[in-house]
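Working notes, beginning with the structure itself.
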Amino acid sequence: MDVRNAKLNSSPANSGTNLMSTLKHRLNQVYAAIREAEHACGRPAGSVQLLAVSKQQPVTAIAELVAAGHYHFGENYLQDALPKIQALADTEVEWHFIGPIQSNKTRSIAEHFSWVHSVDRLRIAQRLSEQRPADQTPLNICLQVNISGETSKSGVAPEAVVELAHSVAELPRLRLRGLMAIPEARTDPVEQRRPFAQLRQLQAQLNQQGLKLDTLSMGMSADLAAAIAEGATMVRIGTAIFGPRPPRT
Ligand SMILES: *Cc1c(COP(=O)(O)O)cnc(C)c1O
(Lines give C-alpha, C1' and ligand atoms only; values in the text may rest on other atoms or scores of the structure.)
Protein backbone atom coordinates (compact mmCIF):
# COMPACT_ATOMS: atom_id res chain seq x y z
CA MET A 1 0.00 0.00 0.00
CA ASP A 2 1.30 3.46 -0.88
CA VAL A 3 1.40 5.42 2.34
CA ARG A 4 1.36 8.81 0.61
CA ASN A 5 -1.88 7.93 -1.15
CA ALA A 6 -3.39 6.61 2.04
CA LYS A 7 -2.63 9.91 3.73
CA LEU A 8 -4.02 11.89 0.85
CA ASN A 9 -7.22 9.88 0.79
CA SER A 10 -7.82 10.35 4.49
CA SER A 11 -7.53 14.13 4.38
CA PRO A 12 -10.92 15.80 4.95
CA ALA A 13 -10.81 17.84 1.76
CA ASN A 14 -10.17 14.80 -0.34
CA SER A 15 -12.82 12.60 1.25
CA GLY A 16 -15.23 15.44 0.54
CA THR A 17 -14.28 15.32 -3.12
CA ASN A 18 -14.83 11.57 -3.18
CA LEU A 19 -18.27 11.95 -1.67
CA MET A 20 -19.24 14.54 -4.27
CA SER A 21 -18.13 12.46 -7.21
CA THR A 22 -20.03 9.47 -5.77
CA LEU A 23 -23.21 11.54 -5.69
CA LYS A 24 -22.78 12.74 -9.27
CA HIS A 25 -21.99 9.20 -10.36
CA ARG A 26 -25.15 7.86 -8.71
CA LEU A 27 -27.23 10.65 -10.24
CA ASN A 28 -25.91 9.69 -13.68
CA GLN A 29 -26.64 6.02 -13.00
CA VAL A 30 -30.24 6.85 -12.08
CA TYR A 31 -30.63 8.95 -15.23
CA ALA A 32 -29.25 5.99 -17.22
CA ALA A 33 -31.70 3.59 -15.52
CA ILE A 34 -34.57 5.93 -16.41
CA ARG A 35 -33.44 6.15 -20.07
CA GLU A 36 -33.12 2.35 -20.19
CA ALA A 37 -36.62 1.84 -18.75
CA GLU A 38 -38.08 4.39 -21.19
CA HIS A 39 -36.41 2.60 -24.08
CA ALA A 40 -37.50 -0.86 -22.88
CA CYS A 41 -41.18 0.08 -23.11
CA GLY A 42 -40.93 2.21 -26.24
CA ARG A 43 -41.38 5.58 -24.56
CA PRO A 44 -39.48 8.62 -25.88
CA ALA A 45 -36.22 9.48 -24.12
CA GLY A 46 -36.83 12.29 -21.68
CA SER A 47 -40.52 11.54 -21.10
CA VAL A 48 -39.84 10.70 -17.44
CA GLN A 49 -38.63 13.42 -15.06
CA LEU A 50 -36.43 12.67 -12.08
CA LEU A 51 -37.36 14.06 -8.68
CA ALA A 52 -34.40 13.64 -6.30
CA VAL A 53 -35.79 12.93 -2.83
CA SER A 54 -33.45 14.75 -0.46
CA LYS A 55 -35.24 14.15 2.87
CA GLN A 56 -32.78 13.59 5.74
CA GLN A 57 -29.90 14.56 3.43
CA PRO A 58 -27.64 17.56 4.09
CA VAL A 59 -27.83 20.73 2.03
CA THR A 60 -24.22 20.15 0.88
CA ALA A 61 -25.34 17.00 -0.94
CA ILE A 62 -28.19 18.88 -2.63
CA ALA A 63 -25.84 21.73 -3.61
CA GLU A 64 -23.53 19.24 -5.27
CA LEU A 65 -26.34 17.89 -7.43
CA VAL A 66 -27.45 21.43 -8.28
CA ALA A 67 -23.89 22.12 -9.45
CA ALA A 68 -24.23 19.01 -11.62
CA GLY A 69 -27.34 20.52 -13.23
CA HIS A 70 -30.19 18.84 -11.32
CA TYR A 71 -32.91 21.18 -10.05
CA HIS A 72 -35.91 19.17 -8.80
CA PHE A 73 -35.86 18.04 -5.17
CA GLY A 74 -38.49 16.43 -2.96
CA GLU A 75 -38.81 16.91 0.80
CA ASN A 76 -41.16 15.23 3.29
CA TYR A 77 -40.76 17.31 6.45
CA LEU A 78 -41.38 21.03 6.33
CA GLN A 79 -39.18 21.96 9.28
CA ASP A 80 -36.21 20.07 7.79
CA ALA A 81 -36.81 21.52 4.33
CA LEU A 82 -37.03 25.22 5.22
CA PRO A 83 -33.34 25.75 6.10
CA LYS A 84 -32.29 23.96 2.91
CA ILE A 85 -34.66 26.08 0.84
CA GLN A 86 -33.23 29.20 2.44
CA ALA A 87 -29.63 28.09 1.88
CA LEU A 88 -30.31 27.47 -1.83
CA ALA A 89 -32.54 30.51 -2.40
CA ASP A 90 -30.15 31.91 -5.03
CA THR A 91 -30.43 28.80 -7.23
CA GLU A 92 -33.08 27.65 -9.69
CA VAL A 93 -34.13 24.72 -7.49
CA GLU A 94 -37.79 23.75 -7.64
CA TRP A 95 -38.98 22.20 -4.39
CA HIS A 96 -41.60 19.47 -4.27
CA PHE A 97 -43.43 18.69 -1.03
CA ILE A 98 -44.10 14.93 -0.89
CA GLY A 99 -44.88 14.21 2.79
CA PRO A 100 -48.04 14.11 4.90
CA ILE A 101 -49.54 17.61 5.33
CA GLN A 102 -50.79 19.02 8.61
CA SER A 103 -53.19 21.93 8.16
CA ASN A 104 -51.06 24.28 10.29
CA LYS A 105 -48.20 23.84 7.77
CA THR A 106 -50.06 24.75 4.58
CA ARG A 107 -49.10 28.45 4.50
CA SER A 108 -45.40 27.75 4.55
CA ILE A 109 -45.78 24.96 1.98
CA ALA A 110 -47.79 27.27 -0.29
CA GLU A 111 -45.09 29.93 -0.03
CA HIS A 112 -41.95 27.84 -0.51
CA PHE A 113 -42.75 24.95 -2.84
CA SER A 114 -43.52 24.69 -6.57
CA TRP A 115 -45.25 21.34 -6.32
CA VAL A 116 -47.19 19.39 -3.69
CA HIS A 117 -47.60 15.64 -4.43
CA SER A 118 -49.40 14.61 -1.27
CA VAL A 119 -52.77 16.35 -1.26
CA ASP A 120 -55.41 13.87 -0.14
CA ARG A 121 -58.30 15.98 1.14
CA LEU A 122 -60.19 19.05 0.02
CA ARG A 123 -59.64 21.12 3.14
CA ILE A 124 -55.85 21.00 2.64
CA ALA A 125 -56.22 21.93 -1.04
CA GLN A 126 -58.47 24.88 -0.15
CA ARG A 127 -55.95 26.20 2.35
CA LEU A 128 -53.07 25.83 -0.12
CA SER A 129 -55.07 27.75 -2.72
CA GLU A 130 -56.02 30.53 -0.29
CA GLN A 131 -52.45 30.83 0.97
CA ARG A 132 -50.55 30.66 -2.32
CA PRO A 133 -49.00 34.14 -2.69
CA ALA A 134 -50.55 36.21 -5.50
CA ASP A 135 -47.19 37.03 -7.06
CA GLN A 136 -46.32 33.37 -7.63
CA THR A 137 -47.55 31.01 -10.34
CA PRO A 138 -50.29 28.59 -9.29
CA LEU A 139 -49.08 25.73 -7.09
CA ASN A 140 -48.75 22.43 -8.98
CA ILE A 141 -50.74 19.68 -7.28
CA CYS A 142 -50.86 15.90 -7.39
CA LEU A 143 -53.49 13.98 -5.46
CA GLN A 144 -52.02 11.15 -3.42
CA VAL A 145 -54.06 7.98 -3.93
CA ASN A 146 -53.99 5.10 -1.45
CA ILE A 147 -53.84 2.68 -4.35
CA SER A 148 -53.05 -0.47 -2.36
CA GLY A 149 -55.78 0.31 0.18
CA GLU A 150 -53.40 0.08 3.13
CA THR A 151 -54.96 1.43 6.31
CA SER A 152 -51.62 2.81 7.53
CA LYS A 153 -50.94 4.88 4.40
CA SER A 154 -52.12 8.37 3.65
CA GLY A 155 -53.90 9.07 0.41
CA VAL A 156 -57.45 9.40 -0.83
CA ALA A 157 -59.31 6.13 -1.48
CA PRO A 158 -59.50 5.28 -5.20
CA GLU A 159 -63.34 5.51 -5.05
CA ALA A 160 -63.12 9.09 -3.79
CA VAL A 161 -60.55 10.43 -6.28
CA VAL A 162 -63.02 11.59 -8.93
CA GLU A 163 -64.96 13.86 -6.60
CA LEU A 164 -61.81 15.27 -4.98
CA ALA A 165 -60.11 15.87 -8.35
CA HIS A 166 -63.02 17.88 -9.75
CA SER A 167 -63.20 20.01 -6.59
CA VAL A 168 -59.44 20.67 -6.52
CA ALA A 169 -59.43 21.54 -10.23
CA GLU A 170 -61.79 24.46 -9.43
CA LEU A 171 -59.46 26.11 -6.92
CA PRO A 172 -57.99 29.31 -8.38
CA ARG A 173 -54.43 29.30 -7.05
CA LEU A 174 -53.77 25.61 -7.72
CA ARG A 175 -53.04 23.76 -10.91
CA LEU A 176 -54.08 20.12 -10.70
CA ARG A 177 -51.35 18.20 -12.52
CA GLY A 178 -51.96 14.55 -11.71
CA LEU A 179 -51.87 11.65 -9.31
CA MET A 180 -49.26 10.24 -6.95
CA ALA A 181 -49.02 6.87 -5.20
CA ILE A 182 -46.70 4.86 -2.97
CA PRO A 183 -47.83 1.27 -3.56
CA GLU A 184 -47.07 -1.57 -1.18
CA ALA A 185 -43.63 -3.09 -1.89
CA ARG A 186 -43.84 -6.21 -4.09
CA THR A 187 -41.11 -8.49 -5.39
CA ASP A 188 -43.17 -10.22 -8.09
CA PRO A 189 -42.83 -8.07 -11.25
CA VAL A 190 -46.46 -8.57 -12.32
CA GLU A 191 -47.79 -7.67 -8.87
CA GLN A 192 -45.45 -4.70 -8.78
CA ARG A 193 -46.94 -3.21 -11.94
CA ARG A 194 -50.61 -3.64 -11.02
CA PRO A 195 -51.08 -0.60 -8.72
CA PHE A 196 -49.18 1.61 -11.17
CA ALA A 197 -51.53 0.48 -13.94
CA GLN A 198 -54.50 1.29 -11.68
CA LEU A 199 -53.20 4.81 -11.11
CA ARG A 200 -52.76 5.30 -14.86
CA GLN A 201 -56.34 4.11 -15.45
CA LEU A 202 -57.63 6.58 -12.85
CA GLN A 203 -55.78 9.38 -14.64
CA ALA A 204 -57.27 8.30 -17.98
CA GLN A 205 -60.75 8.26 -16.45
CA LEU A 206 -60.33 11.80 -15.09
CA ASN A 207 -59.02 13.07 -18.42
CA GLN A 208 -62.02 11.53 -20.20
CA GLN A 209 -64.15 13.62 -17.84
CA GLY A 210 -62.47 16.79 -19.08
CA LEU A 211 -59.60 17.27 -16.65
CA LYS A 212 -56.13 17.80 -18.08
CA LEU A 213 -53.78 15.74 -15.94
CA ASP A 214 -50.29 15.36 -17.39
CA THR A 215 -48.47 13.88 -14.39
CA LEU A 216 -48.18 10.43 -12.85
CA SER A 217 -45.84 10.70 -9.87
CA MET A 218 -44.95 7.08 -9.19
CA GLY A 219 -41.88 4.90 -8.83
CA MET A 220 -39.11 5.00 -6.21
CA SER A 221 -35.63 3.45 -6.02
CA ALA A 222 -36.92 -0.13 -5.82
CA ASP A 223 -39.69 -0.02 -8.44
CA LEU A 224 -38.68 2.65 -10.93
CA ALA A 225 -38.75 0.42 -14.03
CA ALA A 226 -42.19 -1.02 -13.24
CA ALA A 227 -43.60 2.48 -12.74
CA ILE A 228 -42.11 3.74 -16.00
CA ALA A 229 -43.50 0.74 -17.88
CA GLU A 230 -46.96 1.77 -16.63
CA GLY A 231 -46.66 5.41 -17.60
CA ALA A 232 -44.90 7.28 -14.77
CA THR A 233 -43.97 10.81 -15.84
CA MET A 234 -42.07 11.60 -12.62
CA VAL A 235 -40.15 9.12 -10.48
CA ARG A 236 -39.20 10.04 -6.90
CA ILE A 237 -35.76 8.65 -6.12
CA GLY A 238 -33.92 8.97 -2.81
CA THR A 239 -31.73 6.03 -1.82
CA ALA A 240 -30.43 5.22 -5.31
CA ILE A 241 -28.97 8.74 -5.52
CA PHE A 242 -28.01 9.64 -1.95
CA GLY A 243 -27.43 6.18 -0.47
CA PRO A 244 -29.13 5.05 2.76
CA ARG A 245 -30.76 7.86 4.73
CA PRO A 246 -29.19 8.84 8.05
CA PRO A 247 -31.72 8.65 10.90
CA ARG A 248 -33.87 11.72 11.38
CA THR A 249 -32.54 13.88 14.23
C1 LIG B 1 -38.66 8.70 0.78
C2 LIG B 1 -39.63 8.81 -0.33
C3 LIG B 1 -39.25 8.50 -1.65
C4 LIG B 1 -37.88 7.97 -2.03
O5 LIG B 1 -37.73 6.65 -1.61
P6 LIG B 1 -36.42 5.80 -1.99
O7 LIG B 1 -36.83 4.40 -1.77
O8 LIG B 1 -35.33 6.26 -1.07
O9 LIG B 1 -36.10 6.06 -3.42
C10 LIG B 1 -40.20 8.68 -2.65
N11 LIG B 1 -41.44 9.16 -2.37
C12 LIG B 1 -41.82 9.46 -1.12
C13 LIG B 1 -43.19 9.98 -0.90
C14 LIG B 1 -40.94 9.30 -0.07
O15 LIG B 1 -41.34 9.58 1.16
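Order of listing sets the numbers, starting from 1, for every ligand and every atom in it.
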Could you list which atoms of ligand 1 come closer than 4.0 Å to a heavy atom of Ile182? 13 (C)
I'd like to check which ligand 1 atoms, numbered from 1 as shown, lie under 4.0 Å from a non-hydrogen atom of Ile237. 9 (O)
Any idea which protein heavy atom is nearest atom 8 (O) of ligand 1, and the distance to it? Thr239 OG1, 2.5 Å
Is the shortest side-chain N to carboxylate O distance from Glu130 to Arg127 below 4.0 Å? no
Aromatic rings Trp95 and Phe73: how do their planes relate, parallel, tilted or perpendicular, breaks at 30° and 60°? tilted
Can you pull out the closest protein heavy atom to atom 11 (N) of ligand 1? Residue, atom name and distance to 0.1 Å, please. Arg236 NE, 2.9 Å
Checking heavy atoms under 4.0 Å, the part of His117 that sits near ligand 1 is neither
Ligand-residue contact atoms, ligand 1 with Arg245, heavy atoms, under 4.0 Å: 1 (C), 8 (O)
Any donor-acceptor pair under 3.5 Å linking the side chain of Gln57 with the backbone of Ile62? no
Verify the distance criterion only: is there a donor paired with an acceptor across the side chains of Gln49 and Thr233 at less than 3.5 Å? no
Name the orientation class of the two ring planes belonging to His96 and His72 (parallel below 30°, tilted from 30 to 60°, perpendicular beyond 60°). perpendicular
Given a cutoff of under 4.5 Å between side-chain heavy atoms of I, L, V, M, F, W and Y, with clusters grown through shared members, what are the other residues clustered with Met180? Ile182, Met220
Return yes if some donor-acceptor pair links the side-chain N/O of Gln203 with the main-chain N/O of Gly178 below 3.5 Å, else return no. no
Among all the protein's non-hydrogen atoms, which is closest to atom 12 (C) of ligand 1, and how far away is it? Ile98 CD1, 3.6 Å
Could you tell me whether a side-chain N or O of Asp188 sits under 3.5 Å from a main-chain N or O of Glu191, the two making a donor and an acceptor? yes
What atoms of ligand 1 come closer than 4.0 angstrom to any heavy atom of Gly238? 4 (C), 6 (P), 8 (O), 9 (O)
Heavy-atom nearest option to atom 9 (O) of ligand 1, drawn from Ala52, Gly219, Ser221: Ser221
Would you mind checking which non-hydrogen protein atom is closest to atom 1 (C) of ligand 1, with the distance to 0.1 Å? Lys55 NZ, 1.5 Å
Quick note on ligand 1: atoms under 4.0 Å from a heavy atom of Asn76 include exactly 14 (C), 15 (O)
Please list the nearest protein heavy atom to atom 10 (C) of ligand 1 with its residue and the distance rounded to 0.1 Å. Met220 SD, 3.2 Å
